[in-house]
Every structure is written in structure tokens, then in C-alpha cells.
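What follows is a short report on a single structure.
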Amino acid sequence: MCLAVPGRVLEIEERDATRMAKVDFGGVVKDVCLEYVPDMQVGDYAIVHVGFALQRLDEESARQTLELFENLGVLEEEFGDHWGKAAKDAGAERPAGTELPDGRLPDGELPAHASEKEARS
């Protein structure tokens with residue numbers, strides 16, 4: 001399923017002559033293009049679809065929608081750990097190379113193959 005999800009703009013930057021933002025979707029932060037809504041500011045809420053902010057949204061509507069999506073499990077479906085779920089469903093270990101850049105899994109845990117030294121740092 002592909003949804004338009006409300007998110008809050010955390011920071012804005014110009015990248016290759018394109019206005020881009022870091023947007024928080026209830027704890028998941030993604031890069032979003034702001035070219036369709038050039039007047040967006042840090043702290044504003046926007047409806048985002050496939051990486052593009054489409055329109056501004058008031059904070060209360062955004063919070064209500066995020067809460068509804070979370071209760072329905074839609075946020076997990078849209079932003080969840082798809083590699084980990086696929087591995088779990090198959091009864092296998094998580095594929096190597098699917099960790100976050102810092103080496104952790106999306107839930108903050110270290111992968112099973114991490115050494116004790118990595119776990120302590």
C-alpha cells in the first residue's frame with residue numbers, strides 16, 4: 001500500500017538546486033522534496049506521498065491522522081523493518097548489509113553477528 005502520510009519538517013536544505021527536508025513521521029525520519037510546497041518552514045506539517053510534500057497540514061489534523069494510522073498498523077506497514085520481517089517470516093537470519101549506517105537494526109538493537117566489543121560501545 002502506498003499512502004500520503006503527514007509528517008513534521010525538522011530541517012530544510014537546498015540540495016542540487018532542489019529544496020529538501022528531513023521530515024518526521026511519528027518517529028521515522030525521511031528525506032522529502034519540498035518543491036511542490038515551497039513556502040514550507042521548519043515545524044510545519046505536510047502531507048507526503050512517495051517522497052514529495054504535497055500540501056501543508058495543521059498540527060492537530062496531522063497528529064490525529066498519525067494516531068489513526070498507528071492504531072491501524074499502517075505506519076508499521078509503510079515504514080516498518082521490511083528486511084527483518086521477511087527474514088523472520090522465512091525463519092532465517094536478517095540479511096547482511098540491511099542494518100542502518102551505524103550498524104544497528106531499525107529497532108536500535110545490534111545485529112546478531114555483532115561482537116561483544118561492538119555491543120559495549
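Along the sequence shown, residues are numbered consecutively beginning with 1.
L57 and V9 end up in different hydrophobic clusters when Ile, Leu, Val, Met, Phe, Trp and Tyr side chains are linked at under 4.5 Å. V42 and F25 end up in the same hydrophobic cluster when Ile, Leu, Val, Met, Phe, Trp and Tyr side chains are linked at under 4.5 Å. Y36 and V50 fall within the same hydrophobic cluster, defined by Ile, Leu, Val, Met, Phe, Trp and Tyr side-chain heavy atoms under 4.5 Å apart, directly or through other members.
Between V32 and A53 the shortest heavy-atom distance is CG1-N, 3.5 Å. Scanning all heavy atoms of the two residues, the minimum distance from K22 to D31 falls at NZ-OD1, 2.9 Å. Minimum interatomic distance between A62 and Y45 (heavy atoms only, all atoms of both residues): CB-CD2, 3.2 Å. Across every non-hydrogen atom of E35 and R19, the tightest pair is OE2-N, 2.6 Å. When every heavy atom of V37 is checked against every heavy atom of Q55, the shortest pair comes out as CG1-CA, 3.7 Å.
Within the 4.5 Å cutoff, the side chain of L34 has no heavy atoms near those of the M20 side chain. Side-chain contact between V5 and L66 is present, with heavy atoms from C-beta onward closer than 4.5 Å.
For the atom pair R15 CZ and C33 SG, the distance stands at 9.5 Å (nearest 0.5 Å). For the atom pair CZ (R63) and CG (D58), the distance works out to 11.0 Å, reported to the nearest 0.5 Å. D24 contributes atom CG, which lies 5.0 Å from atom CG of L10 (distance to the nearest 0.5 angstrom).
A salt bridge is absent between D44 and R8: the closest approach of a Lys/Arg side-chain nitrogen to an acidic carboxylate oxygen does not fall below 4.0 angstrom.
Judged by distance alone, the side chain of D16 and the main-chain N or O of T18 form no donor-acceptor pair under 3.5 Å.
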